[in-house]
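Atoms considered below: every heavy atom in the structure, side chains included; atoms not considered: hydrogens, waters and symmetry mates. Naming: A, B, ... by sequence-line order, numbering from 1 per chain.
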Number of protein chains: 2
Amino acid sequence: MYTYKYPRPSVTVDVVVFGYDGGRDLKLLLIQRGGEPFKGQWALPGGFVDMDEDLEASALRELEEETGVRDLFVEQLFTFGAPDRDPRGRVISVAYFALVNLTAHPAVAASDAEQAEWYPLHELPELAFDHARIIEMATNRLRAKVRYQPIGFELLPEEFTLAELQALYETVLGVPEFNKRNFRTRIMKTGMLEEVGRQKNVAHRPAVLYRFNEDTYQQLMEQRDSAVLRRALDFEI
Amino acid sequence: MYTYKYPRPSVTVDVVVFGYDGGRDLKLLLIQRGGEPFKGQWALPGGFVDMDEDLEASALRELEEETGVRDLFVEQLFTFGAPDRDPRGRVISVAYFALVNLTAHPAVAASDAEQAEWYPLHELPELAFDHARIIEMATNRLRAKVRYQPIGFELLPEEFTLAELQALYETVLGVPEFNKRNFRTRIMKTGMLEEVGRQKNVAHRPAVLYRFNEDTYQQLMEQRDSAVLRRALDFEI
DNA sequence: CCAAAAGTGTTCATATTACACCCATGT
DNA sequence: ACATGGGTGTAATATGAACACTTTTGG
């Protein structure tokens, strides 16, 4: 038992993990709750923060414990603290935002009584707590982010074609299709792509395979102010 | 006394308030701590979250209690939770980011033993806790924000000239001076400015005074995706 | 009529858009 | 040889940077 002079809230972390597998929809990693409240309902992976643990570490730990997913890009999203957001009492949740290439992280090892599953972003089940709101905010963040930071590195496999990269952008932004010629010109101008080979055994002209040049990529990520980058990613919608 | 089955962290809010008075530097609102730890040192206004109080409400309450400043634009910045960031034990702090027109909020009513003061952003004193880091992050946010959202509404007086608006942008971005002609063209293209009169009694051609058209402004703020806006504010540096 | 700051016209270079076309492969 | 994507060339238009100029006020 722990005793304090003033009342204290509980603090949890929740993680919104976006996965991409090349399709026309992003996927979201959800778990089915094994205990009350909201037992049996779907929710974001997450849990209580340990007392000697950094917040981000806590998010990564809970994610791995509940879903087996690890080694991925995360950043803090927002802290949700409405007094009535959890029926158990005052619970403040620090939400994280994560991106992962689904084909490289397909296995979803559920812990305990909980199930974990990838849901298409446009076919989500009813969600526990205020998790629908958290997901909404994460989706907005993703769409805003995609305009000033190249996100492909996290969502695509090592090697990919320009058509795949374009499909990713179209999927994230939810737009029909933009001009191939112009997409290519803009992306190539950033210098972040490196040619690594060609497709094999396809019934058409084989596409050039690219990988992200990590150095250039990191540089571009740091200097968000880079005009090159903004101009390259700032697609009309 | 309050007793819990598991240990819980304390949760605080801290507010980074940027003020602008037309000068060549932004100002930051700081308080001098009246109690331990860091007694006598300067810190961000803030304090413990009440159990039945929303986080943002808590930030606004603490700000007003400690500095008298109220009625201002705030948004959540980041949550700081390193286990050792506070010598009193585990304290997680939700930081807020605020903008205010200094000439309209000059009075700084200090509560209790605490002093409150506006410091030029480039002449800050030594700060308590990890507040220097919080301020650094807030400054980065401001500079990023200014590129996709018009921030003048919060920082300038009701009526202002284009030269004043330009000086604000130059101050926030910390650049020497950009081309007057082009600045004007870009800003006017957004349609968010409304002519309201002219300067009086100046020893030169009187400048047109503008105010923000609230409707257009709100619309632009919502649709951050607006190409008009991005192009208008995306200044080269 | 001068100083000071406001405000405008215009040129030139570059970027963006849009559309049509050619290319390489497996069957 | 043809279907299927992959991958260019390029003209018309829009945008942006730069610079010099005109305007309006008070003293």
Side-chain angles (χ1 to χ4, degrees), chain A residues 22-24 147-148 152 156-157 159-171 173 175-191 193-211 225-237, chain B residues 22-24 147-148 152 156 159-170 173 175-191 193-211 225-237:
Chain A
R24 295 310 288 182
R147 293 182 170 287
Y148 60 83
L156 287 176
E159 304 190 348
F160 53 88
T161 69
L162 283 181
E164 284 163 0
L165 184 61
Q166 180 169 350
L168 167 62
Y169 273 91
E170 288 164 359
T171 301
L173 290 173
V175 295
E177 196 175 318
F178 24 78
N179 186 290
K180 185 174 53 162
R181 181 68 175 98
N182 302 337
F183 179 83
R184 281 156 192 259
T185 312
R186 294 165 81 151
I187 291 292
M188 293 318 291
K189 210 165 32 178
T190 63
L193 297 189
E194 203 173 286
E195 213 173 310
V196 288
R198 307 193 146 258
Q199 287 179 323
K200 301 270 185 255
N201 294 342
V202 287
H204 54 76
R205 176 172 173 177
V208 172
L209 293 169
Y210 293 91
R211 80 152 62 99
D225 289 337
S226 151
V228 182
L229 191 57
R230 270 179 285 128
R231 297 232 168 93
L233 302 180
D234 180 14
F235 305 108
E236 211 51 59
I237 49 169
Chain B
R24 295 310 287 183
R147 293 183 170 287
Y148 60 83
L156 287 175
E159 304 190 346
F160 53 87
T161 68
L162 283 182
E164 285 163 358
L165 183 61
Q166 180 168 349
L168 167 62
Y169 274 91
E170 288 164 359
L173 290 173
V175 295
E177 195 175 319
F178 22 78
N179 187 289
K180 185 174 53 164
R181 182 68 175 95
N182 302 337
F183 180 83
R184 280 156 194 260
T185 312
R186 295 165 81 154
I187 290 293
M188 294 317 291
K189 212 165 30 180
T190 63
L193 297 188
E194 203 173 285
E195 213 173 309
V196 288
R198 308 194 142 257
Q199 286 180 324
K200 301 269 187 256
N201 294 341
V202 286
H204 54 77
R205 176 170 173 176
V208 172
L209 293 169
Y210 294 91
R211 80 153 61 99
D225 288 337
S226 150
V228 181
L229 191 58
R230 272 179 286 127
R231 297 233 166 95
L233 301 180
D234 180 13
F235 305 108
E236 212 49 59
I237 50 167

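The separation between B:Met188 atom CE and C:dG9 atom P is 14 Å, rounded to whole Å. Distance CD (B:Gln166) to C1' (C:dG7): 12 Å, rounded to an integer number of Å. Nucleotide C:dT14 holds its P atom 12 Å from the NZ atom of A:Lys189, rounded to whole Å. Across the protein-nucleic acid pair, A:Tyr210 atom OH and D:dG7 atom C1' stand 9 Å apart, rounded to whole Å. Atom NZ of B:Lys180 and atom C1' of D:dG16 are 18 Å apart (whole Å). Rounded to whole angstrom, the span from the CG atom of B:Leu165 across to the P atom of C:dG7 amounts to 12 Å. One interatomic measurement links the two molecules: CZ of A:Arg184 to P of D:dG6, which rounds to 7 Å at whole-angstrom precision. The separation between B:Arg186 atom CZ and D:dT15 atom C1' is 10 Å, rounded to whole Å.
When the side chain to side chain donor-acceptor pair (under 3.5 Å) test is applied to A:Arg198, no partner is found at least two apart in sequence or on another chain. The side-chain contact (heavy atoms from CB on, under 4.5 Å) test applied to A:Arg211 returns A:Glu158, A:Glu159, A:Glu194, A:Val196, not counting sequence neighbours.
To the nearest 0.5 angstrom, A:Asn179 atom CG is 8.0 Å from A:Gln166 atom CD. To the nearest 0.5 Å, atoms NZ (B:Lys180) and OG1 (B:Thr185) are separated by 11.5 Å.
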Margin query: Does the protein touch nucleotides 22-27 of chain D at the base, only the backbone, or not at all? Give it as B, S and - per nucleotide, heavy atoms under 4.0 Å.
Written below: -BBBS-
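For the pair A:Leu156 and A:Glu164, the tightest heavy-atom approach, listed with the atom from each and the gap, is CD2-O, 4.5 Å. Across all their heavy atoms, B:Tyr210 and B:Met188 have their closest contact at CE2-CE, 3.7 Å.
On a pure distance criterion of 3.5 Å, a polar donor-acceptor pair joins the side chain of B:Arg181 and the base of C:dG9.
Both B:Ala163 and A:Asn182 sit near DNA chain C, but only B:Ala163 has its closest nucleotide nearer the 5' end.
Nearest to the side chain of A:Asn179, among D:dC19, C:dC19, D:dG7, sits C:dC19.
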Run the side-chain donor-acceptor check on residues 201-208 of chain A: report pairs under 3.5 Å with partners two or more places apart or on a different chain.
none

